[in-house]
Amino acid sequence: MAERDLTSPLLSPRSSYQPQTVLTVQDDQDSEPSNQQSSLQTAISHQSHNQSQNVHFSSPNPYQFLGSDGLSVPAPTTADPFRNGTPYVSGVYEVIKIVLCLPIALVRLVLFGSSLAVGYIATRIALAGWKDKQNPMPKCRSRLMWVTRVCARFILFSFGYQWIRRKGKPAPREIAPIAVSNHVSYIEPIFYFYELFPTIVASESHDSIPFVGTIIRAMQVIYVNRFSPTSRKAAINEIKRRALCHTFPRVLLFPEGTTTNGKFLISFQLGAFIAGHPIQPVIVRYPHVHFDQSWGFISLAKLMFRMFTQFHNFIEVEYLPIIMPCDNLKQNAVRFAERTGQVMASALNVVQTSHSYGDLMLLMKAAQLQQENPWNYMVEMAKIESLYHISSLEAVDFLDKFLSMNPDPSGCVKLLDFLRVLQLKPCTLAEEIFGFLDVEKNGSITFKQFLFGSAHVLNQPLFRQACELAFAECDADGDNYCTKNEFADILSRTFPDLKDDEVEGMLNQFDSDNDGRISRDDFFYCLRKNPLLIAVFSPRLLHKNLSKARDKRVEEIV
């Protein structure tokens with residue numbers, strides 16, 4: 001195969017009469033290695049054929065050899081579901097009100113503390129000696145919990161909720177065993193504890209909260225670790241079991257998975273909808289003028305202080321009509337969740353967005369690293385998870401990488417900082433990689449473009465096979481390791497006149513265990529964390545005629 005310079009496009013566009021060349025490959029353990037190898041070789045061969053036609057176009061796609069037809073990134077949204085509207089005290093009226101309410105705040109603090117203490121003692125008595133917690137709480141113990149429920153109402157009073165406006169009524173538990181609610185503040189769980197005494201689903205971390213953890217246990221909470229598939233599956237099974245058992249209290253879930261500012265409804269988790277039981281939506285509003293009561297990216301202590309120093313805080317609770325799952329929807333939790341979300345968003349008169357708890361994680365990470373505008377790094381994680389199956393934890397890892405590129409206050413990164421972090425030497429291919437992400441062609445990229453681009457490449461049908469072939473090229477002597485000299489030989493095809501320190505920098509990026517050589521695990525780990533780097537090996541894959549022996553070796557590795 002003839003050598004070509006790096007200015008040549010990796011793959012030219014298909015004309016209308018050319019056959020389809022990128023085959024659909026199932027990336028799973030059941031796929032035949034020889035079929036995977038053949039699919040990638042077909043795409044590579046066809047790309048090389050197109051290169052020989054000297055067809056040029058303005059924006060070369062360095063990932064077309066993987067099956068990519070270009071990157072599309074949704075436009076940024078102005079929706080911000082986590083920002084508190086009044087994070088600071090402003091205005092003369094609010095300052096005077098806080099000063100006047102300081103003596104009242106001290107009384108409220110005493111009432112809060114004493115109510116919490118009495119409720120905690122009553123709960124400890126109710127739980128004393130009770131071991132069979134897989135079954136509903138006995139009635140005699142439930143009666144003792146009424147003391148704690150009354151204390152919960154006093155706690156609401158101490159926070160300024162002297163009266164609570166209700167609309168509608170809770171449906172009988174036998175008709176709607178599951179209730180779902182929007183989540184704006186820590187106030188809703190206290191209210192629902194007093195009003196319904198339900199079984200709730202909560203994070204495992206809640207169990208360690210002083211006083212509150214004990215009261216939550218009395219509600220026979222279903223604990224879940226949102227990052228553990230095993231824990232999530234166990235929680236769903238427990239929701240199904242308790243919804244079917246009429247002696248358990250109704251199950252209450254906050255499907256958004258976190259608090260918002262109440263101005264938007266974010267994407268729903270599916271735990272409440274998988275069981276296929278009738279659901280009663282409940283919505284909570286916090287009408288206000290001077291003080292936003294939402295727990296939207298504001299400290300708990302600050303929020304409590306502001307609540308204690310208000311004359312009165314308004315809350316409205318509305319029980320909506322029951323939503324029945326249609327027969328053909330019982331197995332379709334996604335559509336059931338969408339219907340419920342639409343009903344709740346309509347009743348709240350808000351928009352439902354594709355944000356999720358993952359966006360809050362990104363927001364908190366950016367704030368932790370002292371970014372000037374951390375809100376720039378939200379990406380509507382529910383959309384990312386749906387399209388590319390990228391988890392929130394993986395998105396946070398990508399954010400770490402992006403923030404190391406030193407973005408400006410607007411959250412944009414320039415070419416040189418991008419190349420510096422990825423250890424890429426400036427050249428035509430490096431610029432094409434950056435240009436692939438720069439969909440707006442303005443010379444900079446945002447985190448959303450970086451994340452979408454990385455996820456796009458990672459999910460291409462031939463990505464895994466390309467990684468296998470690339471490592472086989474690096475492992476020249478077949479010992480399952482790539483030495484510095486072997487790695488330098490591979491990189492020389494992509495980066496002409498590569499210096500020793502530049503080879504060392506790229507080697508260190510791939511050598512995760514720092515033993516001076518790249519193992520197969522190191523290689524795949526690095527490309528999983530930095531999928532954009534697979535383009536570095538494309539010239540080698542495009543211009544190398546693999547022998548039968550090498551084909552056999554790659555098949556064995558696969």
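Every heavy atom of this structure was used, including side-chain atoms; hydrogens, water molecules and symmetry mates were not.
The pair Asp511-Lys484 does not meet the salt-bridge criterion, since no charged nitrogen lies less than 4.0 angstrom from a carboxylate oxygen. In summary, Arg241 and Glu238 engage in a salt bridge, as defined by a charged side-chain N under 4.0 Å from a carboxylate O. A salt bridge links Arg528 and Glu394; the closest N-O separation between the charged side-chain nitrogens and carboxylate oxygens is under 4.0 Å.
If you take NZ on Lys529 and OH on Tyr525, they are separated by 4.0 Å, rounding to the nearest 0.5 Å. Here the CG-CG distance, from Asn508 to Asn514, works out to 7.0 Å after rounding to the nearest 0.5 Å. The line from CZ of Phe227 to CZ of Arg232 is 9.5 Å long, rounded to the nearest 0.5 Å. Taken to the nearest 0.5 Å, the NZ atom of Lys383 stands 16.0 Å off from the CD1 atom of Ile390. Rounded to the nearest 0.5 angstrom, Phe471 CZ and Asn480 CG are separated by 5.5 Å. Between Arg517 atom CZ and Cys482 atom SG the span is 11.0 Å, to the nearest 0.5 Å.
Under a 3.5 Å cut-off, the side chain of Asp438 and the backbone N or O of Asn442 do form a donor-acceptor pair. Under a 3.5 Å cut-off, the side chain of Asp475 and the backbone N or O of Asp479 do form a donor-acceptor pair. Not one N or O on the side chain of Ser454 forms a donor-acceptor pair closer than 3.5 Å with the backbone of Leu451. In this structure, the side chain of Asn373 does not engage the main chain of Trp375 through any donor-acceptor pair within 3.5 Å. A distance-only check finds a donor-acceptor pair linking the side chain of Gln509 to the backbone of Leu422 [under 3.5 Å]. Side-chain atoms of Asp359 come within 3.5 Å of backbone atoms of Ser356 as a donor-acceptor pair (strictly under, hydrogens ignored). Counting only distance, with no hydrogens or angles, the side chain of Ser519 and the backbone of Tyr481 share no donor-acceptor pair below 3.5 Å. Distance alone, capped at 3.5 Å, is enough to place a donor-acceptor pair between the Asn61 side chain and the Ser68 backbone. Without hydrogens or angle criteria, Lys441 side chain to Gly435 main chain gives a donor-acceptor distance under 3.5 Å. Judged purely by atom type and a 3.5 angstrom limit, Asn530 has no side-chain atom pairing as donor or acceptor with the backbone of Leu533.
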Set out, in order, the CA-CA distance, both residues' side-chain angles and the distance that settles side-chain contact (heavy atoms from CB on, under 4.5 Å) for Phe447 and Asn376, then state yes or no.
CA-CA 8 Å; Phe447 172 63; Asn376 289 332; over 6 Å; no
Assess the residue pair Ser392 and Glu385 against the criterion (side chain to side chain donor-acceptor pair (under 3.5 Å)); give the C-alpha distance rounded to whole Å, side-chain angles, the decisive distance to 0.1 Å, and a yes or no.
CA-CA 8 Å; Ser392 298; Glu385 292 173 354; 3.1 Å; yes
Could you go step by step and tell me if Ile239 and Leu253 meet the side-chain contact (heavy atoms from CB on, under 4.5 Å) rule?
CA-CA 10 Å; Ile239 291 171; Leu253 296 99; 3.6 Å; yes
Assess whether side-chain contact (heavy atoms from CB on, under 4.5 Å) is satisfied between Phe264 and Gln352, documenting all intermediate values.
CA-CA 6 Å; Phe264 300 91; Gln352 188 169 24; over 6 Å; no
Stepwise side-chain contact (heavy atoms from CB on, under 4.5 Å) check, Gln220 with Arg242:
CA-CA 10 Å; Gln220 295 187 268; Arg242 298 194 186 188; 3.5 Å; yes
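In this structure, the side chains of Glu432 and Thr428 come closer than 4.5 Å at one or more pairs of heavy atoms. With contacts defined as side-chain heavy-atom distances shorter than 4.5 Å, the pair Leu66/Phe463 qualifies. Within the 4.5 Å cutoff, the side chain of Thr446 has heavy atoms near those of the Cys412 side chain. The shortest distance between side-chain heavy atoms of Tyr357 and Arg226 falls below 4.5 Å. Residues Trp295 and Asn84 fail the side-chain proximity criterion, which asks for heavy atoms closer than 4.5 Å. Side-chain contact between Val421 and Val413 is absent, with no heavy-atom pair separated by less than 4.5 Å. Looking at heavy atoms from C-beta onward, His456 lies out of side-chain contact with Ser72 at the 4.5 angstrom threshold. Within the 4.5 Å cutoff, the side chain of Phe537 has no heavy atoms near those of the Leu469 side chain.
Shortest non-hydrogen contact noted between Met506 and Phe487 is CG-CE2, 3.4 Å. The shortest heavy-atom contact between Phe65 and Ser538 is CE2-CB, 3.5 Å. Minimum heavy-atom separation, Ala79 to Thr353: CB-CG2, 4.0 Å. When all heavy atoms of Pro325 and Arg339 are compared, the closest pair comes out as CA-NH1, 4.1 Å. Between Val184 and Thr259 the shortest heavy-atom distance is O-CB, 3.7 Å. Across Lys425 and Ala430, no two heavy atoms sit closer than the pair O-CB, 3.5 Å.
In terms of the ring pair (Phe, Tyr, Trp, His ring centres under 6.0 Å) criterion, residue partners of Phe450 (sequence neighbours excluded) are, by chain and number, Phe402.
For Tyr223, the OH atom sits in a packed shell: over 12 heavy atoms of surrounding residues, nucleotides or ligands are nearer than 6.0 Å. A 6.0 Å sphere centred on CE of Met361 holds more than 12 heavy atoms belonging to other residues, nucleotides or ligands.
The only option from Thr199, Leu252, Ile279 that meets the side-chain contact (heavy atoms from CB on, under 4.5 Å) definition with Ile178 turns out to be Ile279.
In the model, Asp408 has a side-chain atom that pairs as donor or acceptor with a side-chain atom of Ser410 under 3.5 Å. A donor-acceptor contact under 3.5 angstrom links the side chains of Tyr377 and Gln371, judged on distance only.
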